[in-house]
Amino acid sequence: MNFKYDVIVVGAGHAGCEAATAAANMGSKTLLITMDMNKIAQMSCNPAVGGIAKGQIVREIDALGGQMGIVTDMTAIQFRMLNKSKGPAMWSPRAQSDRARFILKWREIIENTENLFIWQDTVTSLIIENKTVTGVQTAMGVNFSAKAVVLTNGTFLNGLMHIGKTQLGGGRVSEPASFGITEQLKEFGFTTDRMKTGTPARIDGRSVDFSLMEEQKGEDDFHKFSYLDFKPRTLKQLSCWITYTNEDTHGVLRDGLDDSPLYNGQIKSIGPRYCPSIETKIVTFADKTSHQLFLEPEGENTQEYYLNGFSSSLPLHTQIEALQRIPAFRNIHIYRPGYAIEYDFFDPTQLNHTLETKLIHNLFFAGQINGTTGYEEAGGQGLIAGINAHIRTHGGDEFILKRDEAYIGVLIDDLVTKGVDEPYRMFTSRAEYRILLRQDDADMRLTRKGYNIGLAKQDRIELLNQKKEEIERIIDFASNYSLKPEYINEGLEALGTTPLKQGMKLKDVITRPQITASSIAEYIPAFKAELDKIPNRKEEIIEATEIIIKYDGYIKREQLIADKITRLENIRIKGKFEYENISSLSTEARQKLSKIDPETIAQASRIPGVSPNDISILLVLLGR
């Protein structure tokens, strides 16, 4: 066996899988090391991918040539496009996946990716020479050498699980924790801390009274995650179910708080603000008499359900008693209780935008090790880390996505610029260019970039070029085709919009909120004929065209703002200042700028504590 590789990826969660396949598909001989080959890309928490802003990240991963979107589409048992009542900048795809098939599909991809190899073992230390990582050492005593290493350890670094007063070492239930790496990196000067996350009990569906719950069905249309042209969702489509906690439930939970690790001092680490435990909810929102819960199927052929909204680390008997006070769960049987887990993470301001560490060359961090939460955030980081690890070993320009190019760019810039004081979760509100970063146009933004670095393949470029040509053809037709009142008003009235008083271009009519391209085409045979010429992915292309037409003014205005900010992104300042010696800067600015050492003026402006006046001083010193 050859023990020399270009890239080693430690951990086969969502970050590790994307990192390993990206590096291998770009040409690096890659080794993926995991404790358990049967839990590759394990969905440790809920069996779902996507959601608000997270769905956009998955589409970006796919557009660049990553795998998460493909795996999700092929294992989906429900799909929904969230926020359809709002503008397209807010639309977010989300899918329930068959947990077991998700793992199997990822393993199939990994085992059949050229240049990619798997080793089942635990990494206990890094091999570091002259502040450069050169390999890893495992629990089996094996040394592997590499030109770059990507750490994607998830919740395993010194992981500790809590169920009431019971404490179990582990990275997740039935899986051991990993020791050694945190301690070694601290000796090299890395700053580390502890975070906490949690998961709910898993429920036996046979013990649930579904007649007392509200059914939430999925959607059966053309939407999916991947831009590749294949039929999604071949598995049986299942419903989710909605129910609510009540005052009796809350009473049981309140009585159990003394035994809650979150409130008796047993857990001292930082928990997620935006996905709180049920005990945190009843304390923080003490005036609320109920909280919504979603019962989500774990797979096509299993009775296991995930109870979204009821994460808990309370004792087993308290969890069961509280659930039994909900009518639909009166006769509840669970497979295992909910639990909290504490784990080590590293301050992400110790990273460059490539996700390479500043202290050790060729060492990359991705996923929860950087203080994030969520499969999608992990996958996006893993992809960028894998790409840049390959570039480090083979040469080329570093690959960085800007804030106006991708949610992944926003995510990474937030991490390395601002750091984290709680588990980081992506929201649309974190992106200042939401109209540019829509889920429908991730391929337009990113596939060419992925192709240029050798990750996205020829089939993606051909699909993108075809899509662009069709969109341009339809927009050109709509921009030049004139409508006359006597021929179109009857149709406009039928569609619930004001009739024309004079001639108007078709493009201007499509901008009306009551009109869609498909609905107006039923009254304009020539336009319908143009739409029918679309050879494949017809509905996707029509929707993308319609969004561009309706939001053209907003898109152009936001792009203008982004272009202005880009000028600041082009003013590089890394290594140009000794910030401690610039007395005109505020004390906080000197401290923060020295710690982060920003790449550009724009990044400096986003550091908390650096004021516009501080930025003006730097521009003056640069002669600007």
Side-chain angles (χ1 to χ4, degrees), residues 2-10 15-33 60-61 63-67 110 113-117 126-136 143-152 188 350-366 370 379-402 405-406 408-409 412-413 416 445-458 460-461 569-570 572-576 597-600 603:
N2 191 333
F3 296 99
K4 294 184 178 180
Y5 295 87
D6 294 322
V7 175
I8 291 176
V9 178
V10 181
C17 288
E18 292 291 353
T21 50
N25 281 321
M26 291 174 73
S28 282
K29 183 181 178 184
T30 304
L31 180 66
L32 177 61
I33 302 179
E60 291 173 354
I61 291 171
L64 286 165
Q67 307 298 320
I110 287 169
T113 295
E114 191 176 352
N115 302 316
L116 180 52
F117 305 88
L126 303 171
I127 302 170
I128 300 169
E129 300 173 4
N130 300 319
K131 293 188 176 180
T132 300
V133 69
T134 59
V136 302
N143 284 8
F144 294 100
S145 64
K147 299 173 185 174
V149 173
V150 184
L151 293 185
T152 67
F188 277 89
Q350 298 168 107
L351 303 175
N352 296 309
H353 279 81
T354 58
L355 296 182
E356 183 183 15
T357 67
K358 295 176 180 177
L359 294 176
I360 298 177
H361 298 302
N362 300 352
L363 177 63
F364 297 79
F365 291 173
N370 291 335
Q381 293 172 71
L383 188 74
I384 299 303
I387 289 170
N388 282 302
H390 166 81
I391 290 170
R392 264 298 194 183
T393 63
H394 288 79
D397 296 331
E398 59 188 20
F399 187 79
I400 296 171
L401 295 173
K402 299 197 294 291
E405 291 177 325
I408 295 173
I412 293 174
D413 185 63
V416 305
R445 292 183 272 122
L446 300 174
T447 294
R448 177 63 63 179
K449 289 179 179 291
Y451 181 76
N452 288 341
I453 60 172
L455 184 56
K457 305 308 179 187
Q458 186 64 34
R460 287 187 179 275
I461 279 295
E569 297 283 6
N570 292 332
R572 305 194 68 80
I573 59 173
K574 189 175 182 68
K576 291 187 177 181
D597 192 15
E599 295 282 345
T600 67
Q603 186 190 357

Going from [atom1] on [X] to [atom2] on [Y], what distance comes out if it is rounded to the nearest 0.5 angstrom?
X	Y	atom1	atom2	result
Arg448	Ile453	CZ	CD1	13.0 Å
Asp597	Lys574	CG	NZ	4.0 Å
Lys29	Thr393	NZ	OG1	12.5 Å
Asn115	Thr21	CG	OG1	12.0 Å
Asn452	Phe399	CG	CZ	9.0 Å

Side chain to side chain, [X] and [Y], heavy atoms closer than 4.5 Å:
X	Y	value
Glu356	Asn362	yes
Phe117	Thr30	no
Phe364	Val149	no
Phe188	Lys131	no
Tyr451	Lys457	no
Phe365	Asn370	yes
Leu401	Ile412	no
Lys358	Asn352	yes

Classify the side-chain pair [X]/[Y] by whether it contains a donor and acceptor separated by less than 3.5 Å.
X	Y	result
Thr132	His361	no
Asp413	His353	yes
Glu569	Thr600	yes

Q | Electrostatic pair Lys147:Asp6 at N-O distance under 4.0 angstrom | A |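 Looking at Lys147 and Asp6, the cut-off is met.
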
Q. Would you call Glu398-Arg392 a salt bridge at under 4.0 Å N-O?
A.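 Result for this pair is no, no salt bridge flagged.
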
What closest approach, in Å, do [X] and [Y] show between heavy atoms, and which atom pair accounts for it?
X	Y	answer
Cys17	Ile110	SG-CD1, 3.6 Å
Ala15	Ala366	CB-O, 3.9 Å
Leu446	Glu405	CD2-O, 3.8 Å
Ala20	Leu116	CB-CD1, 3.8 Å
Gly379	Ile61	C-CD1, 3.6 Å
Glu114	Ala24	O-CB, 3.6 Å

Q: Using the side chain to side chain contact (heavy atoms under 4.5 Å, CB included) rule, take Leu31 and Ile33 through it: C-alpha gap first, then chi angles, then the decisive distance, then the call.
A: CA-CA 6 Å; Leu31 180 66; Ile33 302 179; 3.8 Å; yes

Q.
When you measure from the side chain of Asn25 to the backbone of Thr113, do you find a donor-acceptor pair of N or O atoms at a distance under 3.5 Å?
A.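 Absent.
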
Q.
Closer than 3.5 angstrom, by distance alone: can the side chain of Lys449 be matched with the main-chain N or O of Arg445 as a donor-acceptor pair?
A.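 Answer holds: no.
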
(Q) side chain to side chain contact (heavy atoms under 4.5 Å, CB included) for Thr447 and Arg460? Distances and angles first, verdict last. (A) CA-CA 7 Å; Thr447 294; Arg460 287 187 179 275; 3.9 Å; yes

(Q) Using the rule given for side chain to side chain contact (heavy atoms under 4.5 Å, CB included), can you reason through Leu151 versus Leu363, listing the C-alpha separation, both sets of side-chain angles and the distance that settles it, and then say yes or no? (A) CA-CA 8 Å; Leu151 293 185; Leu363 177 63; 4.0 Å; yes

Q.
Could you go through Ile408 and Ile384, starting from their C-alpha distance and side-chain angles, then the distance that decides it, and tell me whether this counts as side chain to side chain contact (heavy atoms under 4.5 Å, CB included)?
A. CA-CA 9 Å; Ile408 295 173; Ile384 299 303; 3.7 Å; yes

